[in-house]
Structures are given as structure tokens and as C-alpha cells.
2 protein chains.
Amino acid sequence: MTESSLRDKKKLATRKALAEAAFELAVERGVDSFVVEDIVTKAGYSRRTFANYFSCKEEAIANSLGLDEYLQPVDQFEFSPKDHTPLSTIEVFIRRSFTINKLKRLNQLISLSREHPTLRLYVTGALKEMQDFAGRGISEEYGSDYPPEYYHILIGAVFGAILPVLDESFDVNLPDDEEQIENSNEFNQYMDTVFAHLRKGFS
Amino acid sequence: MTESSLRDKKKLATRKALAEAAFELAVERGVDSFVVEDIVTKAGYSRRTFANYFSCKEEAIANSLGLDEYLQPVDQFEFSPKDHTPLSTIEVFIRRSFTINKLKRLNQLISLSREHPTLRLYVTGALKEMQDFAGRGISEEYGSDYPPEYYHILIGAVFGAILPVLDESFDVNLPDDEEQIENSNEFNQYMDTVFAHLRKGFS
DNA sequence: AGAAACATTGCTCTTTGTGCAATTTCGTGA
DNA sequence: TCACGAAATTGCACAAAGAGCAATGTTTCT
């Protein structure tokens with residue numbers, strides 16, 4: 001299912017290596033104090049190869065979020081929450097996908113992009129890919145149980161609510177202590193209120 | 001209020017001229033069959049001036065949507081719908097902002113960006129600016145009547161619901177007949193269901 | 001093992017991005 | 001009204017990016 005030949009694994013590996021090198025350089029030196037050349041020397045590839053994977057350094061930095069890891073397990077949606085409604089399913093998907101490490105990385109990316117419009121664009125673009133993925137998953141899962149727009153609206157609402165808060169004053173607020181319980185951070189508390197609002201409706 | 005000295009007007013004019021030239025070239029020749037040089041000769045400016053306004057041709061094309069026109073009248077929010085709730089206010093704002101002409105242009109842009117990831121990024125970026133603008137407006141309007149996240153969630157939901165449909169199979173479906181009633185197009189019908197869902201809540 | 005498919009790379013050339021300085025245009029106060 | 005300061009436009013020059021092409025090395029499939 002996962003379609004991972006050795007060739008594909010290597011492709012993902014180089015992609016990840018390049019993205020990670022780009023991200024580290026961005027943190028160490030600042031976004032516009034290094035060039036593509038620096039990335040490839042750090043990662044051990046050629047400038048031409050970089051161009052095969054990313055169109056610019058901002059794209060590479062943003063992709064260090066590791067979308068690939070979300071996009072692999074299409075069966076995230078297999079397991080159903082108790083009530084098996086689209087909203088609950090999405091809720092579970094969100095809480096599983098935004099792990100502490102992802103949130104940390106996301107926070108760094110948003111902080112980096114605060115003064116870099118282009119990077120910001122690519123970061124939100126990466127999140128939008130995740131949104132599309134979730135959209136496809138959920139509408140396959142529930143098929144024609146709901147009108148087709150329903151899924152768009154719901155997914156759009158959930159992701160639309162996530163982004164603005166994330167890039168404005170939000171902090172995951174977890175120390176380097178990895179043993180912390182996944183569900184007891186600011187993000188999850190915020191998501192509580194998001195889903196509560198979505199269930200209740202707006203006025 | 002509108003802060004438009006003659007100098008500012010000229011700035012907006014050149015900006016608009018450049019963006020419009022870029023858009024027309026994109027439609028005529030296709031997005032990657034022309035260069036910045038072509039844009040500036042068409043618009044009558046220098047390459048260096050182009051760089052003062054846009055960072056790349058995609059940004060120029062996307063900005064032909066004419067965000068500026070949204071961003072001017074901050075008092076869009078002044079007038080209140082009957083029930084004066086955030087949702088209704090946003091609804092009115094949306095319906096007023098997405099005029100037929102805007103929707104047509106948006107459709108063309110989305111169609112152009114279908115095969116051009118970079119352009120797509122800038123188009124969604126432009127819409128996100130509009131979203132931020134709406135967010136600022138609405139939270140100024142209602143202040144602390146609602147918890148601060150409420151506005152983010154609501155605006156995020158509305159705009160989040162708009163984007164996916166717009167770039168997937170959506171067509172404004174209005175001929176060149178400008179006299180058509182603004183409220184009787186597919187977009188407005190879709191927005192009807194969006195707001196209905198948001199009022200009702202999700203399950 | 002051999003052939004086909006594909007990733008990586010070097011090379012080259014066009015296009016882009018940007019700092020700096022010069023010039024022109026606009027705004028403001030005497 | 002005039003002249004001075006502010007800001008927009010432009011040219012120039014150079015570093016960097018983007019992309020086609022062909023060569024080379026690696027994986028896959030039979």
C-alpha cells in the first residue's frame with residue numbers, strides 16, 4: 001500500500017535531508033543570510049538536484065514540517081470515534097496529526113516567517129496541502145452520507161480556524177520535556193473551544 | 001480618511017497598471033510564456049520599478065484581483081444587518097465584496113493557477129490578506145462582546161469554506177451580461193448553504 | 001545478467017533580485 | 001509662488017536562481 005520501493009525511500013530521504021538542512025540554516029543564520037548553495041553543501045547534494053525537489057529555499061524550509069509523514073497513512077481515517085460523525089473524525093485526525101513535535105516545528109516556522117512574506121506563503125501552502133489531504137480522506141470515508149459541500153465547509157472551517165491563531169500570538173508552551181501528556185497543551189485547549197463552537201453553531 | 005494624496009494615487013495607479021499588464025499577458029500567452037521584461041514594456045515602466053512593487057510576476061498576476069479596493073473602505077463594517085451579529089455582518093461583507101466582476105477575475109486566476117503551484121500560492125495569499133482585513137474589521141466592530149478566539153474561528157470558518165470550493169469545479173456561471181442581479185449566481189447560492197451550516201452547527 | 005527507468009549531476013544561458021546612486025516628480029512651509 | 005525635502009522612478013552592476021540538455025550512476029524488472 002505505502003508503495004515504498006527503495007527508490008522512493010531514497011527520494012523521500014533526499015527531500016527530507018534538503019528540507020532539514022534548509023530549516024537548520026534558517027534558524028542558525030536567519031532566512032535571508034544563506035543561499036541554496038549553502039543548503040546543498042550542508043546536505044551533500046548538488047545545486048541542480050535541489051532544483052529537482054524545490055523551487056526555492058522558502059519552499060524547502062516550509063517543507064521541513066514533514067508533510068510526507070501525514071500523507072503516508074491514508075488509514076488515519078480508518079479508525080472511527082464513538083459517534084462516527086465527520087466532525088468527530090476530523091477532530092481525532094487533527095489531534096493525532098498535530099503532535100508536540102509538529103507544533104514546535106510549526107511554531108518555529110511561523111516565527112521565522114513573521115518577517116518573511118514569501119516563507120509565510122509557503123508555510124500556509126504546506127498546511128493547505130494537509131487540509132486537502134484531510135478533505136479527500138473525509139469525503140472518501142463518508143461518501144454521500146452528506147452533501148458534497150458539507151465536507152468542504154467543515155474542513156475549511158476547522159483548518160481556517162487553526163491558521164489565524166497559530167500565527168498570531170500562539171505558543172505551544174511546552175518545554176523540552178517530551179514526556180508531557182500530548183493532550184495538555186495550549187493548542188489542544190484551543191481546539192476544544194474550536195470544536196465546541198463548530199458543534200454549537202454561530203450567531 | 002482615505003489618505004489619498006496625489007502621490008499615493010499614482011502609486012496605486014502604477015501598481016494596478018503593472019498587475020493588470022501581468023494578468024493580461026498571463027491570459028494571452030500563458031503564465032510561463034512571458035517574462036517580467038514583457039510586463040514592464042507593456043505597462044510602460046522599468047524592470048527596476050516592477051521590483052519595487054512585486055517580488056515576482058506571480059505576485060503581480062495574483063494582485064490583479066485588486067485587493068486595494070477591498071482594503072480601502074474600512075467602514076464596510078459600519079452598516080449593521082438587522083440582528084447585528086458577527087455572522088450576519090461577515091455574511092454581508094462577503095456578499096458585498098465578491099462582486100460579479102471580482103468573481104470572474106478570481107475564477108480566471110484560479111484556472112490559470114491550476115497548473116502553476118506558485119501562482120496558486122500567491123492567489124490564496126491574496127485572499128488571505130482579505131481574510132485578515134475582515135478579521136481586523138469584525139473584531140474592532142464587536143470588541144469584547146465575544147471571546148477573542150470567536151472572531152478567528154468564525155472568520156476562519158467562513159473563508160476556509162470559500163477557498164476549497166472556489167478552486168475545485170466552481171464556476172460563477174454568469175454570461176457577460178452585467179445587468180444580472182448580483183445575488184442570483186452560484187457563488188451566492190453556495191454561500192447560502194455555508195452560512196446555513198455555520199448557524200446550525202456541525203455534528 | 002542485461003535492459004529499461006529513473007535519480008543525480010555538470011554545464012550553460014536566460015531571468016531574476018537587489019543595493020547604490022542619479023534623476024525626476026510631488027508635497028509643504030516660508 | 002518658490003524652493004527645499006521627501007519620495008518615486010530608473011539605470012547600472014553583480015550575485016543568485018531556474019531550467020534545458022546530455023552524461024553518468026543507481027534501482028527495478030525480467
Side-chain angles (χ1 to χ4, degrees), chain A residues 1-22 25-26 29-63 68 113 115-122 125, chain B residues 1-22 25-26 29-63 68 113 115-122 125:
Chain A
M1 140 129 287
T2 29
E3 170 65 65
S4 56
S5 54
L6 188 116
R7 191 172 266 166
D8 290 336
K9 275 182 197 163
K10 281 202 167 184
K11 273 190 78 168
L12 279 194
T14 52
R15 187 181 176 82
K16 198 176 188 72
L18 288 169
E20 198 60 27
L25 283 171
R29 303 192 200 172
V31 176
D32 35 33
S33 297
F34 66 98
V35 294
V36 174
E37 182 67 40
D38 298 325
I39 303 177
V40 297
T41 42
K42 176 158 190 162
Y45 290 92
S46 77
R47 201 168 72 81
R48 190 62 187 79
T49 297
F50 179 89
N52 289 336
Y53 285 91
F54 304 104
S55 68
C56 60
K57 63 179 180 180
E58 284 87 358
E59 187 177 354
I61 299 172
N63 273 283
D68 329 356
S113 53
E115 301 296 329
H116 293 270
T118 309
L119 177 56
R120 165 177 297 261
L121 224 50
Y122 281 95
Chain B
M1 139 130 289
T2 28
E3 171 63 67
S4 55
S5 55
L6 189 119
R7 192 169 262 166
D8 290 335
K9 276 182 197 162
K10 281 205 167 185
K11 272 190 77 168
L12 279 195
T14 52
R15 187 182 176 82
K16 199 176 188 69
L18 289 169
E20 199 59 27
L25 283 171
R29 304 193 200 171
V31 177
D32 35 34
S33 298
F34 67 98
V35 294
V36 174
E37 182 69 39
D38 299 323
I39 303 177
V40 297
T41 41
K42 175 159 190 161
Y45 290 92
S46 75
R47 201 170 71 84
R48 190 62 186 80
T49 298
F50 178 89
N52 288 337
Y53 286 90
F54 304 105
S55 69
C56 59
K57 61 179 180 179
E58 284 86 359
E59 187 177 355
I61 300 173
N63 273 284
D68 329 356
S113 52
E115 301 296 329
H116 293 271
T118 310
L119 177 56
R120 163 178 300 262
L121 225 50
Y122 280 95

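Side-chain atoms are counted along with the backbone in the values below, which use heavy atoms only and exclude waters and symmetry mates. Every chain is numbered from 1, with letters handed out A, B, ... down the list of sequences.
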Quick one: closest heavy-atom pair of [X] and [Y], and the distance?
X	Y	result
A:R15	A:Y53	NH1-O, 3.6 Å
A:F34	A:A22	CZ-O, 3.7 Å
B:L18	B:A43	CD2-CB, 3.9 Å

Test applied, side-chain contact (heavy atoms from CB on, under 4.5 Å); reference residue, A:E58; option that passes from A:T118, A:L121, A:N63: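 So, applying the side-chain contact (heavy atoms from CB on, under 4.5 Å) to A:E58 and each of A:T118, A:L121, A:N63, only A:T118 qualifies.
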For nucleotides 1-3 of chain D, list the nitrogen or oxygen atoms of the protein found under 3.5 Å from its nitrogen or oxygen atoms, one pair per line.
none

Side chain to side chain contact (heavy atoms under 4.5 Å, CB included) between A:T14 and A:T49, intermediate numbers included: CA-CA 9 Å; A:T14 52; A:T49 297; 5.7 Å; no
[atom2] on [Y] to [atom1] on [X], rounded to 0.5 Å:
X	Y	atom1	atom2	answer
A:K16	A:K9	NZ	NZ	14.5 Å
A:N52	A:S46	CG	OG	7.5 Å
B:L25	B:T41	CG	OG1	7.5 Å
B:I61	B:I39	CD1	CD1	6.5 Å

Quick one: which protein N/O atoms are closer than 3.5 Å to N/O atoms of nucleotides 26-30 of chain D? Pair and distance per line, please.
| from | atom 1 | to | atom 2 | distance (Å) |
| --- | --- | --- | --- | --- |
| D:dT27 | OP1 | A:K10 | NZ | 2.5 |
| D:dT27 | O2 | A:R7 | NH2 | 2.6 |
| D:dT28 | OP1 | A:L6 | N | 2.7 |
| D:dT28 | OP1 | A:R7 | N | 2.9 |

Nucleic acid footprint by protein, nucleotides 11-18 of chain C - heavy-atom cut-off 4.0 Å, B for base, S for sugar-phosphate alone: B---SBBB
Atom pair distance, as rounded to whole Å: [atom1] in [X] and [atom2] in [N]:
X	N	atom1	atom2	value
A:L18	C:dA7	CG	P	14 Å
B:E58	D:dA17	CD	C1'	13 Å
B:N52	D:dC12	CG	C1'	14 Å

Side-chain N,O (A:Y45) to OP1/OP2 (C:dA7) below 4.0 Å: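 Indeed not, no polar side-chain atom of A:Y45 lies that close.
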Phosphate OP1/OP2 of D:dT10: any B:T49 side-chain N/O under 4.0 Å: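 For D:dT10, OP1 or OP2 has a side-chain N or O of B:T49 closer than 4.0 Å.
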Closest listed nucleotide, where the reference is the side chain of A:K11 and the choices are C:dT9, C:dA7, D:dT10: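 In terms of side-chain proximity for A:K11, the closest of C:dT9, C:dA7, D:dT10 is C:dA7.
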Side chain to side chain, B:E37 and B:F50, heavy atoms closer than 4.5 Å: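 No, their side chains stay 4.5 Å or more apart.
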Any donor-acceptor N/O pair, A:K57 side chain to A:A26 backbone, under 3.5 Å: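 No; judged by distance alone, with no hydrogens or angles, the pair does not exist.
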